[in-house]
Amino acid sequence: MKRIVLLLVVLLTKFLICNAQSSIPKGTVEIDSIYSKHLENAFGENPKRAIAVYLPPGYHETKQKYPVVYFLHGFTNDHTIMNYMEELLDYAIASQRIRPFILVTSDQKTTYGGSFYSNSGVFGNWEDFTVQDLVGHIDKTYRTLPKKESRGITGHSMGGYGALLLAMKHPDVFSSVYAISPGALAIVREYGPNSETFKELSKAETMEDLWKTYFGAVMVAFGRSWSPNPDKAPFYCDMPFEYQGDKLIVHQETLQKWYDNMPFYMIDTYLGNLQQLEAIKLDWGRNAGDRFTVQCEMFSQRLENVGITHFAEEYIGTHVSDIYTKQGRIPQQVLPFFDEYLKFE
């Protein structure tokens with residue numbers, strides 16, 4: 001008899017849990033697209049880009065207007081990252097961690113892995129696409145609160161870099177930024193001249209060779225984003241460092257172009273813009289690897305030194321652990337950050 005009662009209790013508990021989960025109000029995701037003249041190019045990058053737009057529960061039943069958070073995906077990812085985000089947004093809204101808002105992510109995957117949200121001038125002007133075309137389209141098409149106080153920007157890895165870059169350069173468009181484990185902030189470790197990266201890259205002669213070395217592929221993506229050279233096959237970009245045998249050659253002009261696009265070196269130039277932002281946060285996993293921990297600490301320290309109030313958090317984890325989970329960074333830290341600092345109707 002006791003076993004039967006216990007079994008009934010277990011079954012009832014499972015039923016209640018399943019029923020509670022199924023009763024969570026669901027948002028909807030619309031897949032949209034934009035053709036951008038800013039992305040027209042002669043190197044095969046598609047100027048028509050897909051967009052995934054999360055509309056919160058109740059969007060279609062009311063006339064309410066919503067803040068918008070722009071989520072920038074990482075290297076080799078695309079707008080389908082929304083497949084991981086949708087459930088987290090429903091959960092965060094249902095558990096009252098956040099008030100309802102719209103979340104947008106666009107496809108900025110390229111033939112070389114990712115746009116780094118930068119104006120290349122050769123492979124497309126991805127910064128202009130994001131800040132002008134994407135934001136303009138979303139405000140025109142959906143019920144947004146079309147003002148900077150109601151726009152935030154975030155992203156992971158390459159997307160964390162992009163979030164900081166665009167927030168620093170466009171405080172008239174975005175008021176708050178949260179960079180999740182951002183990369184490409186400074187030249188350190190595997191990005192540096194005395195790592196194996198540029199030794200391997202100097203030996204690569206084809207794209208096939210390039211993709212055999214992950215960091216080499218990342219450096220070419222940097223190059224196509226910040227120092228493109230349409231006359232320099234096969235990678236069509238200039239590198240700040242190269243090896244001729246065992247001899248390191250530093251190309252100072254190209255190095256300066258990289259400095260001009262890496263947020264650690266941009267702080268003095270954009271100090272006034274940083275002062276205009278409502279809120280800034282970055283985080284990183286303690287075990288993410290030195291190229292992340294070192295540059296994030298450098299960036300935060302530099303912000304502190306010039307008097308920019310911000311939040312910086314190191315957590316126990318890797319570059320990818322516990323981010324896209326219900327108890328992970330996005331629903332527990334990132335989304336509540338924007339609930340706190342964005343203006344709602």
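Here, residue 1 is the first one in the sequence, and each next residue gets the next number. Owing to the predicted nature of the structure, the values given are computational and were not obtained by experimental measurement.
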- Calculate, to the nearest 0.5 Å, the distance between atoms CG and CD1 belonging to Asn305 and Ile267 respectively. 9.0 Å
- Item | Shared hydrophobic cluster for Phe292 and Leu303 (ILVMFWY, side-chain gaps under 4.5 Å) | no
- Item | Neighbour count >12 (heavy atoms, 6.0 Å) for atom CD, Gln96 | no
- Please tell me if the side chains of Ser150 and Phe344 come closer than 4.5 Å, counting only heavy atoms from C-beta onward. no
- Atom pair OG1 (Thr325) and CD1 (Ile330), whose distance is rounded to the nearest 0.5 Å: 8.5 Å
- Query: Can you check whether Met266 reaches Lys169 side chain to side chain, under 4.5 Å on heavy atoms?
  - Reply: yes
- Message: Is the shortest side-chain heavy-atom distance between His319 and His156 below 4.5 Å?
- Response: yes
- Query: Going by the angle between their ring planes, with limits at 30° and 60°, are Phe311 and Tyr341 parallel, tilted or perpendicular?
  - Reply: tilted
- Item | Flag for Ser118-Asn261: side-chain donor and acceptor within less than 3.5 Å | no
- Task: Run the ring-centre check on Phe338 versus Phe101 and record whether the distance is less than 6.0 Å.
- Result: no
- Message: I'd like to check Pro182 versus Ser157 (side-chain heavy atoms, cut-off strictly below 4.5 Å). Are they in contact?
- Response: no
- Crowded around Lys65 NZ? As in, over 12 foreign heavy atoms under 6.0 Å? no
- Pairing of Arg99 and Asp339 as salt bridge, 4.0 angstrom limit: yes
- Query: Between Tyr161 and Tyr117, is the ring centre distance below 6.0 Å?
  - Reply: no
- Under 3.5 Å, is there a donor-acceptor pair between the Asp139 and Thr144 side chains? yes
- Message: Whether the Gln108 and His73 side chains hold a donor-acceptor pair (N or O, under 3.5 Å, no angle test) is what I'd like checked.
- Response: no
- Evaluate ring pair (Phe, Tyr, Trp, His ring centres under 6.0 Å) for Phe129 paired with His38, printing each intermediate quantity in order. CA-CA 6 Å; Phe129 162 74; His38 287 120; 8.4 Å; no
- Message: In terms of relative ring orientation, are Phe198 and Trp258 parallel, tilted or perpendicular, with 30° and 60° separating the classes?
- Response: tilted
- Query: Quick one: do the Asp283 and Tyr178 side chains pair a donor with an acceptor below 3.5 Å?
  - Reply: yes
- Any luck finding a side-chain donor-acceptor pair between Tyr142 and Asp32 under 3.5 Å? yes
- Task: Could you tell me whether the side chains of Glu304 and His310 share a donor-acceptor contact shorter than 3.5 Å?
- Result: no
- Message: Taking the basic N atoms (NZ, or NE/NH1/NH2) and the acidic carboxylate oxygens, is any pair closer than 4.0 Å for Lys203 and Asp209?
- Response: no
- Task: Would you sort out whether Phe337 and Ile280 count as a side-chain contact (heavy atoms from CB on, under 4.5 Å), showing the intermediate values?
- Result: CA-CA 9 Å; Phe337 169 86; Ile280 303 167; 6.0 Å; no
- Message: When you compare the side chains of Tyr35 and Glu40, does any donor N or O come within less than 3.5 Å of an acceptor on the partner?
- Response: yes
- Stepwise side-chain contact (heavy atoms from CB on, under 4.5 Å) check, Thr197 with Thr213: CA-CA 8 Å; Thr197 301; Thr213 83; over 6 Å; no
- Intermediate values then yes/no, side-chain contact (heavy atoms from CB on, under 4.5 Å), Asp238 and His251: CA-CA 9 Å; Asp238 296 320; His251 300 288; over 6 Å; no
- Ring centroid separation Phe264 to Phe299 under 6.0 Å: no
- Task: Might you work through the salt bridge (charged side-chain N to carboxylate O under 4.0 Å, His left out) test for Asp268 and Arg302, ending with a clear yes or no?
- Result: CA-CA 10 Å; Asp268 287 347; Arg302 182 72 182 125; 2.5 Å; yes
- For Thr318 and Asn287, run side-chain hydrogen bond (donor to acceptor under 3.5 Å, both in side chains): C-alpha distance rounded to whole Å, both residues' side-chain angles, the deciding distance at 0.1 Å, then the answer. CA-CA 5 Å; Thr318 68; Asn287 303 301; over 6 Å; no
- Query: Would the number of heavy atoms belonging to other residues, nucleotides or ligands and lying under 6.0 Å from CD of Glu87 be above 12?
  - Reply: no
- Item | Pairwise side-chain contact, Leu89 with Tyr91, heavy-atom cut-off 4.5 Å (strictly under) | no
- Message: How long is the straight-line distance from OG of Ser106 back to CG of Leu72, given to the nearest 0.5 Å?
- Response: 7.0 Å
- Message: With a 6.0 Å cut-off on the ring centroids, do Phe116 and Trp126 count as close?
- Response: no
- Any salt bridge between Asp246 and Lys199, counting N to O under 4.0 Å? no
- Query: Measuring from Asp290:CG to Gln295:CD, what's the distance to the nearest 0.5 Å?
  - Reply: 10.5 Å
- Query: Does Glu61 CD have over 12 foreign heavy atoms under 6.0 Å away?
  - Reply: yes
- Query: Stepwise, does the salt bridge (charged side-chain N to carboxylate O under 4.0 Å, His left out) test hold for Lys148 with Asp172?
  - Reply: CA-CA 6 Å; Lys148 67 177 184 179; Asp172 57 323; over 6 Å; no
- Query: Checking Arg143 against Tyr59: charged group under 6.0 Å from the ring centre and within 45 degrees of the axis?
  - Reply: yes
- Message: Is it the case that the ring center of Phe222 lies less than 6.0 angstrom away from the ring center of Tyr191?
- Response: yes
- Minimum-distance pair of heavy atoms, taken over all atoms of Leu342 and Pro67: CD1-CB, 4.0 Å
- Do you see a donor-acceptor pair shorter than 3.5 Å between the side chains of Glu314 and Thr293? no
- Can you find a heavy atom in the side chain of Phe241 that is under 4.5 Å from one in the side chain of Leu255? yes
- When rounded to the nearest 0.5 angstrom, what is the spacing between OG1 in Thr105 and CE in Met82? 6.0 Å
- Message: Quiz question: by atom type and distance under 3.5 Å, do the side chains of Glu190 and Tyr214 form a donor-acceptor pair?
- Response: no
- Less than 4.5 Å apart, any side-chain heavy atom of Pro228 and any of Phe43? no
- ILVMFWY network linking Ile180 to Val177, side-chain heavy atoms under 4.5 angstrom: no
- For Phe174, is the NZ or CZ atom of Arg151 found under 6.0 angstrom from the centre of its six-membered ring and inside 45 degrees of the ring axis? no
- Item | Tyr54 and Asp90: side chain donor to acceptor below 3.5 Å | yes
- Message: Tell me whether Glu86 is salt-bridged to Lys26, with the criterion being a basic N under 4.0 Å from an acidic carboxylate O.
- Response: no
- Let me see the working for Leu210 and Glu205 under side-chain contact (heavy atoms from CB on, under 4.5 Å), right down to the final yes or no. CA-CA 8 Å; Leu210 178 70; Glu205 297 180 352; over 6 Å; no
- Looking at CD1 of Ile98 and CD of Glu340, how far apart are the two atoms once the value is rounded to the nearest 0.5 Å? 13.5 Å
- Message: Taking the side chain as everything from C-beta on, heavy atoms only, tell me whether Glu149 gets closer than 4.5 Å to Glu278.
- Response: no
